[in-house]
Amino acid sequence: MVGLKPPEVPPPAAVKFLSAGTAACIADVCTFPLDTAKVRLQIQGEVRIPRSPSTVEYRGVLGTLSTMVRTEGPRSLYSGLVAGLQRQMSFASIRIGLYDSVKQLYTPKGAESTGLGARLLAGCTTGAVAVTCAQPTDVVKVRFQAHGAIPDSARRYSGTVDAYRTIAREEGVRGLWRGTLPNIARNAIVNCGELVTYDLIKDALLRAQLLTDNVPCHFVAAFGAGFCATVVASPVDVVKTRYMNAGPGQYRNVPSCLLALLMQDGLAGLYKGFVPSFLRLGSWNVVMFISYEQLQRAAVLAWPAPS
(Lines give C-alpha, C1' and ligand atoms only; values in the text may rest on other atoms or scores of the structure.)
Protein backbone atom coordinates (compact mmCIF):
# COMPACT_ATOMS: atom_id res chain seq x y z
CA MET A 1 0.00 0.00 0.00
CA VAL A 2 1.42 3.37 -1.00
CA GLY A 3 -1.52 5.63 -0.17
CA LEU A 4 -2.61 8.85 -1.82
CA LYS A 5 0.00 11.09 -3.44
CA PRO A 6 0.81 14.44 -1.78
CA PRO A 7 -1.10 17.35 -3.31
CA GLU A 8 0.75 19.93 -5.38
CA VAL A 9 -0.74 22.73 -3.28
CA PRO A 10 -0.55 22.45 0.55
CA PRO A 11 -3.96 21.86 2.19
CA PRO A 12 -5.57 24.94 3.78
CA ALA A 13 -5.55 25.39 7.55
CA ALA A 14 -9.22 24.35 7.86
CA VAL A 15 -8.51 21.00 6.20
CA LYS A 16 -5.54 20.39 8.49
CA PHE A 17 -7.63 21.37 11.54
CA LEU A 18 -10.46 18.92 10.77
CA SER A 19 -8.13 16.18 9.54
CA ALA A 20 -6.06 16.35 12.73
CA GLY A 21 -9.10 15.98 15.00
CA THR A 22 -10.52 13.11 12.96
CA ALA A 23 -7.18 11.31 12.73
CA ALA A 24 -6.65 11.67 16.49
CA CYS A 25 -10.09 10.15 17.16
CA ILE A 26 -9.25 7.20 14.89
CA ALA A 27 -5.96 6.72 16.77
CA ASP A 28 -7.73 6.98 20.14
CA VAL A 29 -10.25 4.27 19.26
CA CYS A 30 -7.41 1.96 18.20
CA THR A 31 -5.16 2.54 21.22
CA PHE A 32 -7.51 3.50 24.09
CA PRO A 33 -7.06 0.26 26.10
CA LEU A 34 -3.31 0.91 26.26
CA ASP A 35 -3.99 4.42 27.53
CA THR A 36 -6.31 3.06 30.22
CA ALA A 37 -3.66 0.53 31.27
CA LYS A 38 -1.11 3.34 31.49
CA VAL A 39 -3.38 5.39 33.77
CA ARG A 40 -4.05 2.41 36.06
CA LEU A 41 -0.33 1.69 36.41
CA GLN A 42 0.49 5.35 37.03
CA ILE A 43 -1.99 5.80 39.90
CA GLN A 44 -1.45 2.36 41.42
CA GLY A 45 -0.69 2.51 45.12
CA GLU A 46 -0.60 6.31 45.25
CA VAL A 47 -2.22 6.52 48.70
CA ARG A 48 -0.31 3.63 50.28
CA ILE A 49 2.89 4.81 51.97
CA PRO A 50 4.95 2.73 52.37
CA ARG A 51 3.79 0.40 49.66
CA SER A 52 4.10 -3.36 50.11
CA PRO A 53 4.23 -5.86 47.23
CA SER A 54 0.89 -7.28 48.28
CA THR A 55 -0.83 -3.99 47.39
CA VAL A 56 0.18 -4.17 43.74
CA GLU A 57 -2.97 -4.74 41.74
CA TYR A 58 -1.64 -4.60 38.20
CA ARG A 59 1.55 -6.10 36.78
CA GLY A 60 2.72 -5.05 33.33
CA VAL A 61 0.69 -4.08 30.29
CA LEU A 62 -0.82 -7.46 29.46
CA GLY A 63 -1.37 -8.20 33.16
CA THR A 64 -3.21 -4.91 33.62
CA LEU A 65 -5.40 -5.46 30.58
CA SER A 66 -6.21 -9.06 31.50
CA THR A 67 -6.96 -8.12 35.13
CA MET A 68 -9.32 -5.38 34.02
CA VAL A 69 -11.15 -7.68 31.61
CA ARG A 70 -11.41 -10.43 34.26
CA THR A 71 -12.57 -8.20 37.14
CA GLU A 72 -14.44 -5.39 35.36
CA GLY A 73 -15.37 -6.75 31.95
CA PRO A 74 -14.14 -5.81 28.46
CA ARG A 75 -16.02 -2.49 28.52
CA SER A 76 -13.66 -1.21 31.24
CA LEU A 77 -10.90 -0.96 28.62
CA TYR A 78 -12.86 1.83 26.95
CA SER A 79 -14.06 3.63 30.08
CA GLY A 80 -13.83 7.34 29.36
CA LEU A 81 -13.72 6.93 25.57
CA VAL A 82 -16.47 9.52 25.02
CA ALA A 83 -14.51 12.15 26.94
CA GLY A 84 -11.37 10.99 25.14
CA LEU A 85 -12.94 11.59 21.73
CA GLN A 86 -14.28 14.96 22.87
CA ARG A 87 -10.76 15.78 24.01
CA GLN A 88 -9.17 14.80 20.72
CA MET A 89 -11.59 16.78 18.56
CA SER A 90 -10.87 19.95 20.54
CA PHE A 91 -7.28 19.20 21.52
CA ALA A 92 -5.58 17.53 18.56
CA SER A 93 -7.31 19.82 16.08
CA ILE A 94 -5.48 22.75 17.68
CA ARG A 95 -2.11 21.31 18.62
CA ILE A 96 -1.59 19.28 15.42
CA GLY A 97 -3.86 20.94 12.88
CA LEU A 98 -2.54 24.45 13.53
CA TYR A 99 1.11 23.46 13.95
CA ASP A 100 2.14 24.19 10.35
CA SER A 101 0.38 27.56 10.35
CA VAL A 102 1.97 28.64 13.65
CA LYS A 103 5.35 27.34 12.46
CA GLN A 104 5.15 29.69 9.49
CA LEU A 105 4.45 32.62 11.84
CA TYR A 106 7.72 31.92 13.66
CA THR A 107 9.70 31.45 10.43
CA PRO A 108 11.52 34.62 9.30
CA LYS A 109 10.31 36.02 6.01
CA GLY A 110 12.46 34.93 3.11
CA ALA A 111 13.92 31.93 4.94
CA GLU A 112 14.43 28.90 2.69
CA SER A 113 13.48 26.45 5.45
CA THR A 114 12.06 26.45 8.96
CA GLY A 115 14.68 26.23 11.69
CA LEU A 116 14.59 24.04 14.77
CA GLY A 117 13.80 27.01 17.04
CA ALA A 118 10.69 27.93 15.06
CA ARG A 119 9.49 24.33 15.13
CA LEU A 120 9.97 24.09 18.90
CA LEU A 121 8.18 27.39 19.50
CA ALA A 122 5.29 26.28 17.31
CA GLY A 123 5.01 22.97 19.15
CA CYS A 124 5.01 24.66 22.57
CA THR A 125 2.49 27.29 21.45
CA THR A 126 -0.12 24.98 19.95
CA GLY A 127 0.32 22.49 22.80
CA ALA A 128 -0.28 25.14 25.48
CA VAL A 129 -3.30 26.65 23.70
CA ALA A 130 -4.83 23.22 23.14
CA VAL A 131 -4.52 22.26 26.82
CA THR A 132 -6.09 25.53 27.95
CA CYS A 133 -9.11 24.87 25.74
CA ALA A 134 -9.52 21.12 26.28
CA GLN A 135 -8.45 20.56 29.90
CA PRO A 136 -11.94 19.67 31.26
CA THR A 137 -12.25 16.80 28.79
CA ASP A 138 -8.86 15.45 29.92
CA VAL A 139 -9.84 15.60 33.60
CA VAL A 140 -13.05 13.65 32.96
CA LYS A 141 -11.25 11.09 30.77
CA VAL A 142 -8.65 10.38 33.49
CA ARG A 143 -11.32 10.10 36.20
CA PHE A 144 -13.21 7.46 34.20
CA GLN A 145 -10.07 5.53 33.31
CA ALA A 146 -9.01 5.47 36.97
CA HIS A 147 -12.28 3.83 38.11
CA GLY A 148 -11.62 0.45 39.64
CA ALA A 149 -13.83 -2.60 39.87
CA ILE A 150 -16.58 -1.01 41.98
CA PRO A 151 -20.38 -1.35 41.76
CA ASP A 152 -22.22 1.14 39.58
CA SER A 153 -23.93 2.53 42.69
CA ALA A 154 -20.55 3.45 44.18
CA ARG A 155 -19.10 5.10 41.10
CA ARG A 156 -18.35 8.79 41.27
CA TYR A 157 -20.11 9.63 38.01
CA SER A 158 -22.96 8.04 36.06
CA GLY A 159 -21.81 9.38 32.70
CA THR A 160 -19.69 11.95 30.92
CA VAL A 161 -22.16 14.84 31.25
CA ASP A 162 -22.74 13.96 34.91
CA ALA A 163 -18.97 14.01 35.46
CA TYR A 164 -18.62 17.57 34.12
CA ARG A 165 -21.60 18.68 36.21
CA THR A 166 -20.50 16.92 39.42
CA ILE A 167 -16.91 18.13 39.25
CA ALA A 168 -18.04 21.72 38.69
CA ARG A 169 -20.52 21.48 41.59
CA GLU A 170 -18.26 19.74 44.12
CA GLU A 171 -14.87 21.18 43.20
CA GLY A 172 -15.84 24.39 41.47
CA VAL A 173 -15.04 25.41 37.93
CA ARG A 174 -11.37 25.22 38.88
CA GLY A 175 -11.85 21.49 39.37
CA LEU A 176 -12.44 21.09 35.64
CA TRP A 177 -9.08 22.73 35.01
CA ARG A 178 -7.29 20.68 37.70
CA GLY A 179 -3.73 19.91 36.68
CA THR A 180 -3.64 22.50 33.90
CA LEU A 181 -0.07 23.59 34.61
CA PRO A 182 1.46 20.08 34.60
CA ASN A 183 -0.68 19.27 31.58
CA ILE A 184 0.59 22.36 29.74
CA ALA A 185 4.15 21.34 30.62
CA ARG A 186 3.50 17.75 29.50
CA ASN A 187 1.84 18.66 26.24
CA ALA A 188 4.36 21.33 25.32
CA ILE A 189 6.98 18.58 25.71
CA VAL A 190 4.87 15.94 23.96
CA ASN A 191 4.01 18.32 21.13
CA CYS A 192 7.67 19.07 20.56
CA GLY A 193 8.58 15.41 20.93
CA GLU A 194 5.88 14.31 18.50
CA LEU A 195 5.48 17.05 15.91
CA VAL A 196 9.02 18.40 15.80
CA THR A 197 10.58 14.92 15.79
CA TYR A 198 8.12 13.75 13.12
CA ASP A 199 8.88 16.87 11.09
CA LEU A 200 12.65 16.41 11.34
CA ILE A 201 12.69 12.66 10.65
CA LYS A 202 10.33 13.03 7.70
CA ASP A 203 12.39 15.88 6.22
CA ALA A 204 15.63 13.91 6.69
CA LEU A 205 14.19 10.82 4.99
CA LEU A 206 12.92 12.86 2.05
CA ARG A 207 16.14 14.90 1.65
CA ALA A 208 18.25 11.72 1.71
CA GLN A 209 15.79 10.15 -0.76
CA LEU A 210 15.56 7.06 1.43
CA LEU A 211 11.76 7.09 1.16
CA THR A 212 9.13 9.01 -0.75
CA ASP A 213 6.47 11.16 0.89
CA ASN A 214 4.04 8.33 1.56
CA VAL A 215 2.90 5.73 4.09
CA PRO A 216 6.25 3.98 4.76
CA CYS A 217 7.93 7.33 5.38
CA HIS A 218 5.11 8.47 7.64
CA PHE A 219 5.29 5.18 9.58
CA VAL A 220 9.03 5.49 10.31
CA ALA A 221 8.77 9.17 11.27
CA ALA A 222 5.72 8.58 13.50
CA PHE A 223 7.32 5.64 15.31
CA GLY A 224 10.43 7.69 16.09
CA ALA A 225 8.27 10.60 17.23
CA GLY A 226 6.31 8.35 19.59
CA PHE A 227 9.46 7.01 21.26
CA CYS A 228 11.03 10.45 21.75
CA ALA A 229 7.79 11.89 23.12
CA THR A 230 7.42 9.03 25.63
CA VAL A 231 10.97 9.39 26.96
CA VAL A 232 10.74 13.13 27.60
CA ALA A 233 7.10 13.32 28.71
CA SER A 234 6.65 10.32 31.04
CA PRO A 235 7.69 12.09 34.31
CA VAL A 236 5.28 14.98 33.74
CA ASP A 237 2.58 12.58 32.55
CA VAL A 238 2.72 10.53 35.77
CA VAL A 239 2.41 13.64 37.98
CA LYS A 240 -0.38 15.03 35.78
CA THR A 241 -2.38 11.79 35.94
CA ARG A 242 -2.12 11.49 39.72
CA TYR A 243 -2.98 15.12 40.35
CA MET A 244 -5.97 15.13 38.00
CA ASN A 245 -7.33 11.92 39.53
CA ALA A 246 -6.91 13.13 43.13
CA GLY A 247 -9.90 14.05 45.25
CA PRO A 248 -10.28 17.49 46.84
CA GLY A 249 -7.53 18.12 49.41
CA GLN A 250 -5.46 15.02 48.63
CA TYR A 251 -2.60 17.16 47.32
CA ARG A 252 -2.08 20.84 48.13
CA ASN A 253 -0.60 21.56 44.73
CA VAL A 254 1.40 20.01 41.90
CA PRO A 255 4.77 20.13 43.76
CA SER A 256 3.23 18.31 46.75
CA CYS A 257 1.95 15.61 44.38
CA LEU A 258 5.44 15.28 42.90
CA LEU A 259 7.00 15.11 46.38
CA ALA A 260 4.57 12.40 47.53
CA LEU A 261 5.38 10.38 44.41
CA LEU A 262 9.14 10.68 44.96
CA MET A 263 8.86 9.78 48.67
CA GLN A 264 6.81 6.71 47.82
CA ASP A 265 8.46 5.37 44.68
CA GLY A 266 11.68 7.32 44.21
CA LEU A 267 12.87 8.49 40.80
CA ALA A 268 11.64 5.24 39.24
CA GLY A 269 8.11 6.38 40.03
CA LEU A 270 8.44 9.10 37.40
CA TYR A 271 8.51 6.37 34.76
CA LYS A 272 5.64 4.31 36.10
CA GLY A 273 3.69 2.87 33.20
CA PHE A 274 6.50 3.62 30.72
CA VAL A 275 5.95 0.47 28.64
CA PRO A 276 2.19 1.04 28.14
CA SER A 277 2.95 4.74 27.61
CA PHE A 278 5.33 3.90 24.77
CA LEU A 279 3.11 1.19 23.33
CA ARG A 280 0.20 3.57 23.41
CA LEU A 281 2.01 6.72 22.26
CA GLY A 282 4.04 4.91 19.62
CA SER A 283 1.05 3.14 18.12
CA TRP A 284 -1.10 6.26 18.55
CA ASN A 285 1.42 8.33 16.61
CA VAL A 286 1.65 5.77 13.81
CA VAL A 287 -2.13 5.55 13.37
CA MET A 288 -2.66 9.29 13.81
CA PHE A 289 0.04 10.59 11.46
CA ILE A 290 -0.74 8.10 8.69
CA SER A 291 -4.47 8.89 9.01
CA TYR A 292 -3.73 12.62 9.18
CA GLU A 293 -1.63 12.65 6.01
CA GLN A 294 -4.14 10.53 4.09
CA LEU A 295 -7.18 12.49 5.29
CA GLN A 296 -5.58 15.76 4.17
CA ARG A 297 -4.86 14.33 0.75
CA ALA A 298 -8.34 12.84 0.42
CA ALA A 299 -9.92 16.15 1.39
CA VAL A 300 -7.89 18.05 -1.21
CA LEU A 301 -8.91 15.54 -3.88
CA ALA A 302 -12.56 15.69 -2.84
CA TRP A 303 -12.71 19.48 -2.58
CA PRO A 304 -10.08 20.96 -4.88
CA ALA A 305 -9.22 24.59 -4.31
CA PRO A 306 -10.95 27.02 -6.69
CA SER A 307 -8.74 28.06 -9.60
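Worth saying up front: this structure is predicted, and the values here are computed from it rather than measured. One is the number of the first residue; the rest follow in order along the sequence.
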TODO: Under the side chain to side chain contact (heavy atoms under 4.5 Å, CB included) rule, what do F274 and T230 come out as? Steps first, then yes or no, please.
DONE: CA-CA 7 Å; F274 179 82; T230 307; 3.5 Å; yes
For G175 and V139 the tightest heavy-atom approach is O-CG1, 4.0 Å
Nearest heavy-atom approach of G123 to Y99 is N-CE1, 3.8 Å
Donor-acceptor pair between S283 and T31 side chains, under 3.5 angstrom
no
Y243 six-ring face occupied by R178 cation (under 6.0 Å, within 45°)
yes
For T107, does its backbone N or O pair with a side-chain atom of T114 as donor and acceptor, under 3.5 Å? no
Exercise for review: Please answer whether the main-chain N or O of S256 pairs with a side-chain N or O of N253 as donor and acceptor at a distance below 3.5 Å.
Suggested key: yes
When every non-hydrogen atom of N187 is compared with those of R87, the smallest separation belongs to OD1-NH2, 4.1 Å
>> If you define the side chain from C-beta out and look only at heavy atoms, does anything of L270 sit under 4.5 Å from V236?
In response: no
Keeping T197 on the side-chain end and E194 on the backbone end, is there a donor-acceptor pair under 3.5 Å? no
Result for side chain to side chain contact (heavy atoms under 4.5 Å, CB included) between L77 and one of V69, T36, L34 points to V69
Here the pair of heavy atoms bringing I201 nearest to G224 is CD1-CA, 4.0 Å
So CZ of F32 and CZ of R280: to nearest 0.5 Å the spacing works out to 8.0 Å
* To do: Would you please test V29 and L85 for side chain to side chain contact (heavy atoms under 4.5 Å, CB included) and show each step?
  => CA-CA 8 Å; V29 170; L85 296 180; 4.1 Å; yes
Rounded to the nearest 0.5 angstrom, the CG-CG distance for D35 and L279 is 12.0 Å
So, does S90 use its side chain to make a donor-acceptor pair with the main chain of Q86 at under 3.5 Å?
-> yes
So NE2 of H218 and CG of L211: to nearest 0.5 Å the spacing works out to 9.5 Å
Tell me whether T67 contacts the main-chain N or O of T64 through its side chain, where contact means a donor paired with an acceptor under 3.5 Å.
no
Closest non-hydrogen atoms of L195 and F289, given as atom of the first, atom of the second and distance, are CD2-CZ, 3.7 Å
- Query: Salt-bridged, R40 to E72, with N to O below 4.0 Å?
  - Reply: yes
Side-chain (T166) to main-chain (A163) donor-acceptor, under 3.5 angstrom: no
Interatomic distance, NZ@K5 vs CG@L301, rounded to 0.5 Å, equals 11.0 Å
Pairwise side-chain contact, V129 with T132, heavy-atom cut-off 4.5 Å (strictly under): no
Q. Are Y198 and I96 joined in one hydrophobic group, where the rule is that I, L, V, M, F, W and Y side chains link up if heavy atoms are under 4.5 Å apart?
A. yes
Nearest heavy-atom contact between T126 and I94 is CB-O, 3.8 Å
Under 6.0 Å between the ring centres of Y271 and F278?
-> no
Exercise. Does the side chain to side chain contact (heavy atoms under 4.5 Å, CB included) test come out yes or no for K202 and E293, once each step is laid out?
Worked result: CA-CA 12 Å; K202 180 182 173 183; E293 298 272 13; 2.9 Å; yes
Note to self: Hydrophobic clusters here meaning ILVMFWY residues chained together by side-chain heavy-atom distances under 4.5 Å, can you tell me if L258 and V238 are in one?
What the structure shows: yes
d(M288 CE, L295 CG) to nearest 0.5 Å is 10.5 Å
* Asked: Salt-bridged, R143 to E171, with N to O below 4.0 Å?
  -> yes
Please report, to 0.1 Å, the donor-acceptor pairs under 3.5 Å made by any side chain of residues 14-26, with sequence neighbours excluded.
{"residue": "K16", "atom": "NZ", "partner": "D100", "partner atom": "OD2", "Å": "3.0"}
{"residue": "S19", "atom": "OG", "partner": "V15", "partner atom": "O", "Å": "2.7"}
{"residue": "T22", "atom": "OG1", "partner": "L18", "partner atom": "O", "Å": "2.9"}

Derivation of the side chain to side chain contact (heavy atoms under 4.5 Å, CB included) call for L200 and L116: CA-CA 9 Å; L200 293 173; L116 178 61; 3.9 Å; yes
request  = Report yes or no: do Y164 and W177 belong to one cluster of Ile/Leu/Val/Met/Phe/Trp/Tyr joined by side chain heavy-atom distances under 4.5 Å?
outcome  = yes
query: Has the side chain of Q294 got a donor or acceptor atom that lies under 3.5 Å from a matching backbone atom of L4?
result: yes
d(C124 SG, N191 CG) to nearest 0.5 Å is 8.0 Å
Quick note, salt bridge (charged side-chain N to carboxylate O under 4.0 Å, His left out) partners involving residues 114-129, not counting sequence neighbours, are R119-D199, R119-D203
Self-check item: Joint hydrophobic cluster, L281 plus F219, side-chain heavy atoms closer than 4.5 Å
Solution: no
### Query
Judged by atom type as modelled, is there a donor-acceptor pair below 3.5 Å linking the side chain of W284 to the main-chain atoms of C30?
no
Sequence neighbours excluded, the answer for ring-ring contact (aromatic ring centres under 6.0 Å, His included) partners of Y78 is none
Pair R297 + D213, salt bridge at N-O below 4.0 Å: yes
Heavy-atom distance under 4.5 Å between the side chains of F227 and N285, does that happen here? no
